[in-house]
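Working notes, structure below.
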Amino acid sequence: MNSLFAKADAIKPLKKRRKTDRDDNRQKPSGSKESLHDLTLTSVARNTGLPKSLRPTSPPPEGTHAYSHVKDKKLRTQLTRESAQAAWAKRLVKDAELLLSEEKGLMEVEGAMEKTWRVGQDDITTSAGQEAARGRKEWRLDGGPYRSRYTRNGRHLAIVGKSGHVATFDWQTGTMHAELQLKETCRDITFLHDHSHFAVAQKKYVYIYDRDGVELHCLKSHIEPTRLEFLPYHWLLVSVGNPGYLKYQDTSTGSLVVEHRTKLGACTTMTQNQHNAVIHLGHQNGTVTLWTPNLPHPAVRLLAHLGPVAGVSVDGSTGGRYMATSGKDGVVKIWDCRNWNGAVRTWNARGGSAELEWSQRGALAVGTGGSVNVYVKPAIQTPFAGTVLPPLYMTHPVPHRPLTSVRFCPFQDILTIGHNDGLSSILVPGAGEPNFDSSEADPFENKRARREREVKGLLDKIQPDMISLDPEFVGSLAPEPKLTTAINDTHDIPFARLPRMERLRVIGKADETEDADEQDVADDGIGGKSKPMTKAEKEKKKMRGKNKSLKRYLRKQRKNVVDPTAVAVRERLARQRDERERAKAVSKGEGAPKSAALDRFKKR
Amino acid sequence: MVKISVLQHAPAQHLPVRPGDPTPRSRNLDPLMHPFSRARERTRALNAAKMERIFAKPFIAALEGHIDAVECMARQPGTLDMVASGSWDGGLIVHDIVKKTQQMRIDVAHKGKITGLAFADSSRLLSCGVDRNVKLWDFREVDENGAGPSEPRKPVSVFPGKTAFNSIDHHRTDPLFATASNIVQIWDETKNAAISNLTFPTASETVSAVRFNLSESSVLASIGSDRSFTLYDIRTGKAERRVIMQMRSNALSWSPTFPTTVLLASEDHNLYTFDIRALTNPTQIYKAHVSAVMSCDWSPTGTQFVSGGWDRTVRIWNEGRGTAPEVYHTKRMQRVMSTMFTADARFVLSGSDDGNVRIWKARAHEKLGILDSRERAALEYRERLKEKWKTDAAVSKVSRSRHIPKPVYKAAELKRTMLDAQRVKEERRRKHTRAGESKPKAERKTVVVTEQT
């Protein structure tokens, strides 16, 4: 209405109005740019427009959906705004990478004749900085082969010897937290949420100690445990043992969440996928199984090796996409967790069963026989048919067989090897992530920050039944139910009580754009310009029994009764037949009837 | 020549410079550094929703003083504190709701019940009752000469009428007021008799409420016992339009921000918003009460409104959302006869059959008092989380569910059963009639019976 008034220019004196009218006519005879001179708009814009400080300074970023097919205006605006914001956020995250200040370690050679694996630990320590060189250590300890475990921030180290020597310490400052002689077989150790508690898999049960080594709990439901894992975001302590039971214990409430019978005998190999909290177990018969608390059977069962499985590890640097397994026979395999059909890469590691571990930046340490070999990323994950060793990045001989554990230190270029005579730490340039996030794991956190993080972590605890192979299912749309209540597209339920999607479908307003897109893509891929099928193929792909039930329905209808449904069905069938024949004619090139020479004399 | 560099952190960058300084925090926004970020955010949203329900303590205070049911309330325009309430026994109290004290109290202002209250200006108050009088009161403690109130208080002036009055409302700017009896009358404050009588030509009904429009201040609307809703204009002095509905309305309120929107509280347990440009059907039906809705009032922002019902509950609705309102109740609150938003839209007042005026928070979980910046940031983050995850089943269930008294719950259940049965019956009937003979009618189309001009 206002714009109408403004066009009439009712407010201005008569003389002036005429003049502007003529001016307007002269300026734009086409009248296409009318909106630019909308007087109401210009007068109102001064008071109603967004202030300059709030106006968007640049056009909406690329990747913003238009949602033009959505009819509801409010919804459309909201969706568009959300997608623009998401695109902005994505771009800003890219910008934020500039703020990552710390530099990663690396080892580079110049010519093709030089090899990184020829560089020994002495060269690396001499060329490393004073602080970094302290990571190279040798601990000579009695008490059998040792295993070790770092906290998530890489500050504290827990070690356990086979014959019961347990110690936890801050390896950077060298302060010992606890040292225990348990005088019984200890098979594994793990920190819980941080260094204030740790769990040890002892001869009969799992025990939990606090930082000072005081025994807090004896978990009698975990019998003869061999391996321990802790899922930090779910606060679950997972153990597997000689009886072959996989047990999840909630360390925040103390309850045993679930126990799974693997039915595959004693198990000595376990690891977790840090990105979806799925537990990977390696078994005596060569299978690797993936477990979640909410499934009573493995989520994935994979025959990985012909002998027993000796080591499993999951690559965190690719979001848990790759898994490495090793067998007692010395074969190392890399698997793609999204496609279990065959290993990505296979090679034979000399020296029998191998201990495996991926670092944060995707270096794979393989500890076999008397040496530890480190392989780096693009080579080991590219599919390769032969069983050839991938290019070696680094190697380090350890003369104390057997090697029982290899562990990378988070946020450091350090690899700790547990062996018969203690532990040795070596430097692996480029293994650790240089930039940590204080809200997740901070190597420099103080007491208050640790307490704060403990409380926050408890508040954010994820429920155990949320663990699944795809962690992104949270907050995504549930798949649409395939079942409909429609029988031959007619509903017995009245329209008003149908579910919303079906109602929309009946009116023809259901938004099925995505489905349509997929169909288009499929059509482009299969149909279109692909070569025609051979006769055998045609015979193989021929649709059989199509519409059988419909035809039977028609057959059963008595001919002398005019039933509207039957009539409709008959019409539909006839129409389909017509379309088929027309399509056939077009494909044969008989689309338009050929004109004969004398057709031009035909009467029309 | 091999180039070797080994990662080492500079502790100086990550440790506080002096003891007592905050520890520097470093950030890495790589999604691989933040596993389960979505699942953790959902947990946070769920906790936020639960915390909202834990801290939902809406009741603030009950203002006592009336002997019988509180029939009507009015707030003084332009102030936050003055609220007048009148009761069935003829008592009239002006409350200071900030100090929770009584500014003025008259035990027998009218003979019989007080049916309407309206503030005339910053110092005077109009009241009307079934004793066929409109009285004008000065409620100040001391007047401009410094003299205290006469003891007992006397009205400044009395406007006698012919029949019992049911409602009164004052013009926004002019010294005019409108009363509702069997007709709508316009009065001048300075004259002793009504200056004009407004009535729809064919109507003979008892008008139960009359309200001036807040923006288009010469337009007024009334509701009556004929199940009618009528629009008048005092410039033409005529009834412009009239609508007859299925059930009669009990209360009426104009939207303060949308001049064309009017809210009706109906006897059929529903509230309706109408756009007065198209009175054929309501723009929205608000369903949750399980008994007649007795009163309603818009928030000054125009985005919310409050309603009180015969079912002993107070409900706070969002404009345009017809279900799942916030619901307030206490054990001792009886039938709610009058409700009102305060002028800052943060509080809600309800006057009930038990003679109390109760003060509630408009947002049940709001923390009153001063917030420090960290607390405010945490609150805003929680609000945003709830908004983002409101479609999640667990989160929405927590924030949706309300405890309501057992009688109300049972009544709602019974009502649902009855409506379902009706609907099923209608469907069956339609199924067994000839196709296309009886078409289902949208509920919005059935509210209005006729429109008269």
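Both backbone and side-chain heavy atoms feed into the values below; hydrogens, waters and symmetry mates do not. So that the names make sense, note that chain A is the first sequence line, chain B the second, and so on, each numbered from 1.
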Under 4.5 Å from any heavy atom of chain B, what part of [X] do you find: side chain, backbone, both or neither?
{"X": "A:Phe411", "value": "both"}
{"X": "A:Glu472", "value": "both"}
{"X": "A:Ser476", "value": "both"}
{"X": "A:Val109", "value": "both"}
{"X": "A:Glu114", "value": "side chain"}
{"X": "A:Leu100", "value": "side chain"}
{"X": "A:Asn446", "value": "side chain"}
{"X": "A:Lys115", "value": "neither"}
{"X": "A:Ala277", "value": "both"}

Is it the side chain or the backbone of [X] that comes within 4.5 Å of chain A heavy atoms, both, or neither?
{"X": "B:Asn47", "value": "side chain"}
{"X": "B:Leu15", "value": "side chain"}
{"X": "B:Pro440", "value": "neither"}
{"X": "B:Arg42", "value": "side chain"}
{"X": "B:Lys431", "value": "side chain"}
{"X": "B:Arg430", "value": "neither"}
{"X": "B:Ser26", "value": "both"}

Side chains of [X] and [Y]: closer than 4.5 Å at any heavy-atom pair?
{"X": "B:Gln13", "Y": "A:Phe444", "value": "no"}
{"X": "A:Glu131", "Y": "B:His9", "value": "no"}
{"X": "B:Lys3", "Y": "A:Ser127", "value": "no"}

Between A:Glu102 and B:His14: side-chain donor-acceptor atoms closer than 3.5 Å: yes

Pick from A:Ala132, A:Pro429, A:Gly135, A:Ser317 with the largest number of heavy-atom pairs that fall under 4.5 Å of chain B: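 The answer is A:Ala132.
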
Greatest number of heavy atom pairs closer than 4.5 Å to chain B - which of A:Glu110, A:Glu97, A:Glu103: A:Glu110

When B:Arg25, B:Arg38, B:Arg423 are compared by non-hydrogen pairs under 4.5 Å with chain A, the top option: B:Arg38

Derivation of the side-chain contact (heavy atoms from CB on, under 4.5 Å) call for B:Arg44 and A:Leu459: CA-CA 7 Å; B:Arg44 251 175 261 147; A:Leu459 283 174; over 6 Å; no

Would you give the length of the straight line joining atom [atom1] of [X] to atom [atom2] of [Y], rounded to the nearest 0.5 angstrom?
{"X": "A:Tyr233", "Y": "B:Thr43", "atom1": "OH", "atom2": "OG1", "result": "12.5 Å"}
{"X": "A:Asp460", "Y": "B:Leu46", "atom1": "CG", "atom2": "CG", "result": "11.5 Å"}
{"X": "B:Arg40", "Y": "A:Lys456", "atom1": "CZ", "atom2": "NZ", "result": "12.0 Å"}
{"X": "B:His34", "Y": "A:His275", "atom1": "NE2", "atom2": "NE2", "result": "11.5 Å"}
{"X": "A:Asp413", "Y": "B:Ile4", "atom1": "CG", "atom2": "CD1", "result": "11.5 Å"}

Main-chain N/O of A:Asp437 paired with B:Asn28 side-chain donor or acceptor, under 3.5 Å: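 Not at all, since once roles are kept as given, no pair shorter than 3.5 Å links the two residues.
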
